[in-house]
2 protein chains.
Amino acid sequence: MNKVYIGIDLGGTFIKVGCFDSQLKLLAKTSAPTQPEKDAKIVIENMARAAEKCVAEAGFSMADVAVVGLGCPGPARYSEGIIEAATNFPTFRNIPIRKMLSDRLGGKTIVFENDANVACFGEFAAGAGKDVDDMVFFTLGTGIGGGIVNKGKLLAGAGDNAAELGHIIIYPDGRLCNCGQRGCVEAYASATNTAKRATEAVEKGRPSSLKKVLDEKGEITCKDVYDHLKVDDKLAKEITDETAKALALVCINLLHTTEPKRIVFAGGMIAAGDVLLNRIKYYFNEHIWNLRKETVDIRFATLGEDAGIIGAAALAKQAAEGKLKSD
Amino acid sequence: MNKVYIGIDLGGTFIKVGCFDSQLKLLAKTSAPTQPEKDAKIVIENMARAAEKCVAEAGFSMADVAVVGLGCPGPARYSEGIIEAATNFPTFRNIPIRKMLSDRLGGKTIVFENDANVACFGEFAAGAGKDVDDMVFFTLGTGIGGGIVNKGKLLAGAGDNAAELGHIIIYPDGRLCNCGQRGCVEAYASATNTAKRATEAVEKGRPSSLKKVLDEKGEITCKDVYDHLKVDDKLAKEITDETAKALALVCINLLHTTEPKRIVFAGGMIAAGDVLLNRIKYYFNEHIWNLRKETVDIRFATLGEDAGIIGAAALAKQAAEGKLKSD
């Protein structure tokens, strides 16, 4: 009884599910289409069936599941278990997803968290942060998501909206961000905005080997920027440096705020590898104070796409161990 | 037995001590010269005698003291109870102050914290933050100190150096800060740097009624800047606005990081009153996102100079109630 944990990562296209033992070892994983355009009940049924299938594949029954962890995109009222209006789920309006999934799974306890926080907790529990107690996490995609672990627990904030780290302002009155602010780190250093800055520069006539890419494909991606670094394109280097500097500045600000032992970057953009990581470290060292030597350790994530299911299961395990507020 | 708490605020000139009951009601307070140039043993003896005197004045004996709280300037290794090299205490080098004071007071448990954190906790426990669980605190003086309360507890960080909020960078590559970084909020918005920016502008020939002050007194203080606001001096308004904007930006960044319910400003500069507070709120509203309505409540501190002794006693009480790690 109660031997395993389920981690569910609810994405806009696929539901990913993992079944883990008490040491967070992956026993089985599965995925299913989300069908986000359908009624919430159907999406929840899809999650429940995927969870049941995954547990069976691991050789267990639902009775063996201690707690289920669920990561979802926001905005949501996580402590109440309610999705308010997730961008990719047009029919989800104030859906009590935690209760609905729990009811469907025979009353199982469900731990419900923001997807960036869940990925953060996955890296903390089993990835790039598994040997520290205090960590900050950034995921670099269309936007920049964040998570903060303080003394082994996710920092929630007064209204479950802490760690909106992409919207830390680093250049006041700078580039307009999707959130309405100007100068957010996301407006410079997300994968999307790294690509966008390159496109804008080429369109303004800056000479670059990226012009051919824009002419042929109609767009420049973040991967193109890093590919053109390898051929010593000056613009690609400048764009990369601006991304790295923006990320370094936000690392310094986080160090002076929650003082993590480690800062972890995740998301597609980390495929750029050491060329990006080393520039982030360079700008960090160039801009950090000299009051005392700083030892914060900046690394890339190690779990890839499994961070979501691992993090959800790790949160489920933490809840089972009584560290979470009661449901 | 164990009916009262002692709060000690170790400053560079005076030691302040308060004796409080279990509801943190002040029963007696006293102060004594610090004699910071003397050996650490003498400073500790001064603290112990002031504590004994204060307890006696409140009508109790040291046997009635549950726990003693002590706030000190850093740098220190707070969780180890060691002052490394406090700026105003030339003879203090790696002094195990917590153990020395405890030994002198017959083995009393001493809670030891950074002075800005202690003042923060005072406002949280009994002042401008007493009705919330999550708070951020700034003290605006020579520098800018900070404190963060998360779910009722001070956020410590991986090495007891969280909440160095004065050194959040708001203008990359901007004004040089004493810490060696450029563009820290402290380099713009501390009382000292507010005055300094006014002095620099007048020296550069900017017309202002503050020129007379500089000519007559040889310096412009922060109070002068706010006084000259009242006579509609254009430069005084500009300097105030730059201070308010810098503080507003750092409020936004903290909101997106630890998500406090309230942000509290303390220090001599808040004597400026609503003229400053309203400008901070104005710039906050001008620069915050429009993803959702934000309700963070920005206020000035209410405890004045007693925040240190109250905060130290409140930390002592929290420790006595078992919320703190064991000594």
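Keep in mind that what you see is a predicted model, and the values were worked out from it rather than measured.
Counting heavy-atom pairs closer than 4.5 Å to chain A, the top-ranked of the candidates B/K245, B/M135, B/R182 is B/K245. Between chain B and the options A/E286, A/K261, A/E164, heavy-atom pairs under 4.5 Å are most frequent for A/E164. Put simply, of B/N178, B/N161, B/T258, the one with the most heavy-atom pairs under 4.5 Å next to chain A is B/N161. If you tally non-hydrogen atom pairs under 4.5 Å between each of A/I148, A/D173, A/I170 and chain B, the highest count goes to A/D173. Interface summary for chain B: among A/A158, A/G146, A/G180, A/C184, the most heavy-atom pairs under 4.5 angstrom belong to A/A158. Contacts with chain A were tallied for B/N290, B/L291, B/L255; B/N290 has the most, counting heavy-atom pairs under 4.5 Å.
At distances below 3.5 Å, at least one donor-acceptor pair connects side-chain atoms of A/K151 with backbone N or O atoms of B/G157. B/N253 contributes no side-chain N or O that, together with a main-chain N or O of A/I168, makes up a donor-acceptor pair within less than 3.5 Å. Counting only distance, with no hydrogens or angles, the side chain of A/E259 and the backbone of B/D160 share a donor-acceptor pair below 3.5 Å.
Residue A/H167 holds its NE2 atom at 10.5 Å from CD1 of B/I288, rounded to the nearest 0.5 Å.
Environment of CG in B/D297: crowded, with over 12 heavy atoms of neighbouring residues, nucleotides or ligands closer than 6.0 Å.
Residues B/P172 and A/Y171 share a closest heavy-atom pair of CG-CE2, 3.5 Å.
The shortest side-chain heavy-atom distance between B/K153 and A/N150 does not fall under the 4.5 Å cut-off. Under the 4.5 Å side-chain criterion, counting only non-hydrogen atoms from C-beta, B/H256 is not in contact with A/L165.
Using a 4.5 Å cut-off between heavy atoms, A/I252 touches chain B through its side chain atoms alone. Interface remark: A/D133 contributes no atoms to any contact with chain B (heavy atom separation under 4.5 Å).
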